[in-house]
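Letters A, B, ... mirror the listed sequences (proteins, then strands); counts begin at 1.
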Amino acid sequence: MHPHTVNEIRNRLLAWFAQYQRPLPWRTTYRPYHVWIAEIMGQQTQMERVAMYFLRWIEQFPDLAAVAAAPEQKILKAWEGLGYYTRARNIHRTALHLVDNGAMDIPADYQQLLALPGIGPYTAAAILSIAFNQPYPLLDANVERVFSRLADIDSPLKKASTKKQLTAMADTLLDRDQPRQFNQALMELGALICTPKRPACISCPLQVYCRAYQADTVAYRPLPIARDKKTDILMACGVLYKEDRIFIQQRLPDDIWGGLWEFPGGQLKESETPLHGALREIHEETGWLLERLDVLATVTHYYTRYRVTLHGFYGTLHPSCPEPILTAASQYAWVPLNQLHQYPFPAGHRQLVHILCS
DNA sequence: CTCCGGTATA
DNA sequence: TATACCGGAG
Ligand code: SF4
């Protein structure tokens with residue numbers, strides 16, 4: 001790429017960003033703590049959704065010390081609905097670790113950032129450039145899409161050679177005088193103009209330099225990635241009442257939906273009925289043998305490559321029933337219906353909570 | 001129901 | 001290098 005082109009792309013991008021950037025809440029002060037939280041929330045998550053969670057988070061946890069002082073339960077509740085719950089637990093771990101070592105803030109060093117749980121190459125570069133205005137090039141899905149169109153790249157994004165080419169582009173184009181603005185501008189363009197579907201090339205400041213636009217290959221860039229086909233999973237669970245309280249248990253930390261709460265249950269065995277599966281899972285996970293369960297509702301949700309159909313039942317335990325013997329949970333609680341919403345639930349179980357409350 | 005998106009781990 | 005992790009918009 002000619003130096004003149006590089007310069008033009010930078011200038012056009014920065015001018016566009018200055019005019020059209022979204023007023024995201026961490027963009028007022030660029031406090032490192034704010035940028036860190038926003039970037040972790042932004043992993044695998046659209047920024048529009050992040051903004052709402054971010055504001056609620058900062059209200060509850062205004063700084064690193066507040067995160068460190070908070071119980072994990074409160075952290076997970078603030079994260080409920082964002083998904084990838086390891087991210088929330090990693091924020092907590094990081095805050096604890098930094099405060100323990102006398103740090104007041106997130107480090108401004110690439111290797112130190114990379115060593116923190118939940119921070120990979122993208123997030124480390126994002127924090128350094130956006131919070132500390134240091135010249136680190138970065139590659140996220142937005143940038144990869146913009147670059148693959150700008151250079152009309154005709155090879156799959158996951159190939160190592162393609163990644164190398166994209167990394168080189170990021171390095172060449174980065175405006176080292178204003179990395180904070182430049183990196184954000186690139187990602188913002190990908191989020192607002194150079195979108196995955198129907199990009200607004202007509203309003204794009206880079207159109208005159210865009211190879212894909214010239215070749216009319218925009219719709220085919222980046223090369224589509226083959227998606228996994230969905231696998232069906234059948235599950236069943238039971239909402240168990242003891243007088244006016246409901247039994248819930250907290251999932252093991254390193255499992256899927258780690259640290260979130262749920263009704264006891266699990267995956268059905270081959271050709272097992274939902275009723276039988278619910279009875280069996282409840283027995284395995286708590287030791288309780290229910291004599292009867294009634295149909296509550298069935299909900300469906302999707303995650304990664306699975307389509308989960310969750311059959312919800314409800315049943316009653318005798319007031320003098322023994323304490324549960326947990327085999328799939330770290331702790332349990334007996335909660336009145338109107339307090340269920342205080343606990344973080346996975347999306348599927350949250351649908352059941354919603355049905356119970358209505 | 002498809003689509004979108006970084007990190008950790010095997 | 002492949003796969004697991006998530007939820008909501010559209
Ligand atoms: S012209 Fe279209 S495809 Fe090219 S960078 Fe701009 S929005 Fe993306």
Side-chain angles (χ1 to χ4, degrees), chain A residues 35-53 76 78-91 93-94 110 113-127 130 136 138-146 148 155-164 166-167 170 183 186-188 190-192 194-199 219 222-233 235 251-262 267 299-310 344-354:
Chain A
V35 173
W36 171 51
I37 296 299
E39 284 302 333
I40 301 291
M41 284 184 170
Q43 291 169 3
Q44 304 294 95
T45 311
Q46 254 81 350
M47 278 303 170
E48 301 290 353
R49 262 162 66 62
V50 168
M52 191 181 76
Y53 278 87
L76 284 170
W79 205 269
E80 183 187 29
L82 265 183
Y84 296 102
Y85 298 94
T86 305
R87 294 183 295 167
R89 294 206 312 277
N90 281 338
I91 286 177
R93 280 173 60 198
T94 298
Y110 189 78
L113 283 169
L114 220 47
L116 296 171
I119 295 182
Y122 162 75
T123 307
I127 290 173
I130 298 172
Y136 282 80
L138 53 72
L139 238 37
D140 76 338
N142 286 309
V143 178
E144 289 178 353
R145 186 172 56 254
V146 172
S148 70
S155 53
L157 284 186
K158 61 174 183 179
K159 272 185 69 177
S161 59
T162 313
K163 288 278 187 211
K164 242 176 108 173
L166 293 169
T167 305
N183 278 346
L186 208 44
M187 294 191 283
E188 197 83 334
L192 300 181
C194 197
T195 49
K197 302 213 160 128
R198 301 156 138 286
L223 246 41
I225 38 154
R227 294 263 167 191
D228 302 320
K229 40 185 169 298
K230 294 285 180 191
T231 310
D232 270 299
I233 294 188
M235 303 191 79
R251 297 184 58 88
L252 269 7
D254 294 322
D255 205 0
I256 183 168
W257 296 299
L260 271 68
W261 294 75
E262 63 172 11
Q267 197 171 342
V299 298
T300 307
H301 70 286
Y302 294 79
Y303 74 94
T304 59
R305 57 191 195 83
Y306 302 107
R307 172 176 54 228
V308 180
T309 306
L310 175 62
F345 286 90
H349 285 251
R350 205 156 72 247
Q351 287 186 56
L352 288 181
V353 171
H354 186 76

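In this structure, CE of A:Met47 is placed 17 Å from P of C:dA9, rounded to the nearest angstrom. As a whole-Å value, the separation of A:Lys159 NZ from C:dA2 C1' is 17 Å. Rounded to an integer number of Å, the gap from CD1 of A:Ile40 to C1' of C:dC5 is 15 Å. Taking atom CZ of residue A:Arg350 and atom C1' of nucleotide C:dG7, one finds them 8 Å apart after rounding to whole Å. Following rounding to the nearest Å, A:Tyr303 (OH) and C:dT3 (P) show an atom-to-atom distance of 16 Å. The NE2 atom of A:His301 sits 9 Å away from the C1' atom of C:dC6 (whole-angstrom rounding). Note: CE (A:Met52) to C1' (C:dG7) measures 12 Å, nearest angstrom. Atom-to-atom, CE of A:Met41 to P of C:dG7 comes out at 15 Å; the value is rounded to the nearest Å.
Residues that satisfy the side chain to side chain contact (heavy atoms under 4.5 Å, CB included) test with A:Ala347, not counting sequence neighbours, are absent from this structure. For A:Tyr302, there are no ring pair (Phe, Tyr, Trp, His ring centres under 6.0 Å) partners at least two apart in sequence or on another chain. In this structure A:Thr45 satisfies the side chain to side chain contact (heavy atoms under 4.5 Å, CB included) test together with A:Arg49, A:Val50, A:Leu82, A:Arg87, sequence neighbours excluded. Among residues two or more places apart in sequence or in another chain, the ring pair (Phe, Tyr, Trp, His ring centres under 6.0 Å) test is passed with A:Trp257 by A:His301, A:Tyr303. Every residue two or more places apart in sequence or in another chain was checked for a salt bridge (Lys or Arg N to Asp or Glu O under 4.0 Å) with A:Lys159, and none qualifies.
Close to C:dG7, at under 4.0 Å from its OP1 or OP2, lies a side-chain N or O of A:Trp257. The shortest distance between the side-chain N/O atoms of A:Tyr306 and the OP1/OP2 oxygens of C:dC6 is not below 4.0 Å. Distances shown here put a side-chain N or O of A:Arg305 below 4.0 Å from the OP1 or OP2 atom of C:dA4.
Residues A:Pro346 and A:Lys158 each lie close to DNA chain C; by heavy-atom proximity, the contact nearer the 5' end of the strand is made by A:Lys158. For the pair A:Ala160 and A:Asp255, both in contact range of DNA chain C, the more 5′-proximal nearest nucleotide belongs to A:Ala160.
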- Item | Pair A:Leu113-A:Trp36, side chain to side chain contact (heavy atoms under 4.5 Å, CB included): steps then yes or no | CA-CA 10 Å; A:Leu113 283 169; A:Trp36 171 51; over 6 Å; no
- Query: If the sugar-phosphate is the primed atoms plus P, OP1 and OP2 and the base is the rest, what is the B/S/- string for nucleotides 1-10 of chain B, using protein heavy atoms under 4.0 Å?
  - Reply: BBSBBBSS--
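When side chains are defined from C-beta on, A:Leu186 does not count as touching A:Asn142, because their heavy atoms never get closer than 4.5 Å.
Distance from the side chain of A:Ile256 is smallest to C:dC5 among C:dC5, C:dG7, C:dA4.
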